[in-house]
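Just so we're clear, the structure is a prediction, and the values are computed from it rather than from any experiment.
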Amino acid sequence: MAEKELQRSKSVLPIGTVMKLTDLTARQIRYYEEQELVIPQRTDGNRRMYSLNDIDKLLEIKDYLDDGINMAGIKAIYAQQKKRADDMKNESLTDSDVRRILHDEFLNISGFEPNSGPSLHSQRPLK
DNA sequence: ATTCTAACA
DNA sequence: TGTTAGGA
């Protein structure tokens, strides 16, 4: 069943197809790459080739944008998502630690609304 | 015909 | 983000 994941990971779609599938402009798609949100594979003459997983990621990003979250916020979300994945590997964490982390993440995400500017507040809401 | 990078009347 | 110039 891991074969399907391999297929979804195969980068075979040129940016033109991705544009049609996601309704995003080439400018946006390339910009998100600069923000390190979706890094497509390159081929022959330096052309971007995306995978189905990349498409999903882009659609996901588009949803976050619609919900009024900015680049910084989206980056934060994925950064936290990665942080979360790392935590799963550390059995050394206690339930209390995990809950503190999740609570911390929640506060940070809510701080990335459109108008709420770069006021990247909250850090240690030690209770 | 498509996509790429860089740059901004 | 849009758009365009100049290449590949």
_Measuring from atom CD1 of A:I69 to atom OH of A:Y64, what distance do you get when rounded to the nearest 0.5 angstrom?_
6.5 Å
_With rounding to the closest Å, how many angstrom separate the P atoms on B:dT2 and C:dG6?_
22 Å
_Quick test of your reading of the model: are A:E36 and A:K57 salt-bridged, counting only N-O distances below 4.0 Å?_
no
*Rounded interatomic separation in angstrom, taking CG from A:D44 and P from B:dT2*: 15 Å
*Sub-4.5 Å side-chain heavy-atom contact between A:L58 and A:V18*: yes
*Side chains of A:Y50 and A:I39: does their closest heavy-atom pair fall under 4.5 Å?*
no
*A:E5 side chain to A:A2 main-chain N or O, any donor-acceptor pair under 3.5 Å?*
no
*C:dG2 - base-pair partner by Watson-Crick or wobble geometry, distances under 3.5 Å*: B:dC8
*What distance separates A:T22 OG1 from A:I55 CD1, expressed to the nearest 0.5 Å?*
6.5 Å
*asked:* Counting only Watson-Crick pairs (N1-N3 plus N6-O4 or O6-N4) and G-U wobbles (N1-O2, O6-N3), all under 3.5 Å, who is the partner of B:dA1?
replied: none
*DNA chain B-proximal residues of residues 31-40 of chain A, any heavy atom under 4.0 Å*: none
*In whole angstrom, what separates A:R42's CZ from B:dC4's C1'?*
8 Å
*For the side chain of A:N53 and the backbone of A:R8, is there at least one donor-acceptor N/O pair under 3.5 Å apart?*
yes
*Go along nucleotides 2-8 of chain C 5' to 3' and tag each nucleotide: B for a protein heavy atom under 4.0 Å from its base, S when only backbone or sugar atoms are that close, - otherwise.*
BB----B
_Looking at A:K62 and A:D66, is there a salt bridge between them, counting it only when a charged N and a carboxylate O are closer than 4.0 Å?_
no
*Figure out the NZ/C1' separation between A:K62 and C:dT1, and round it to whole Å.*
16 Å
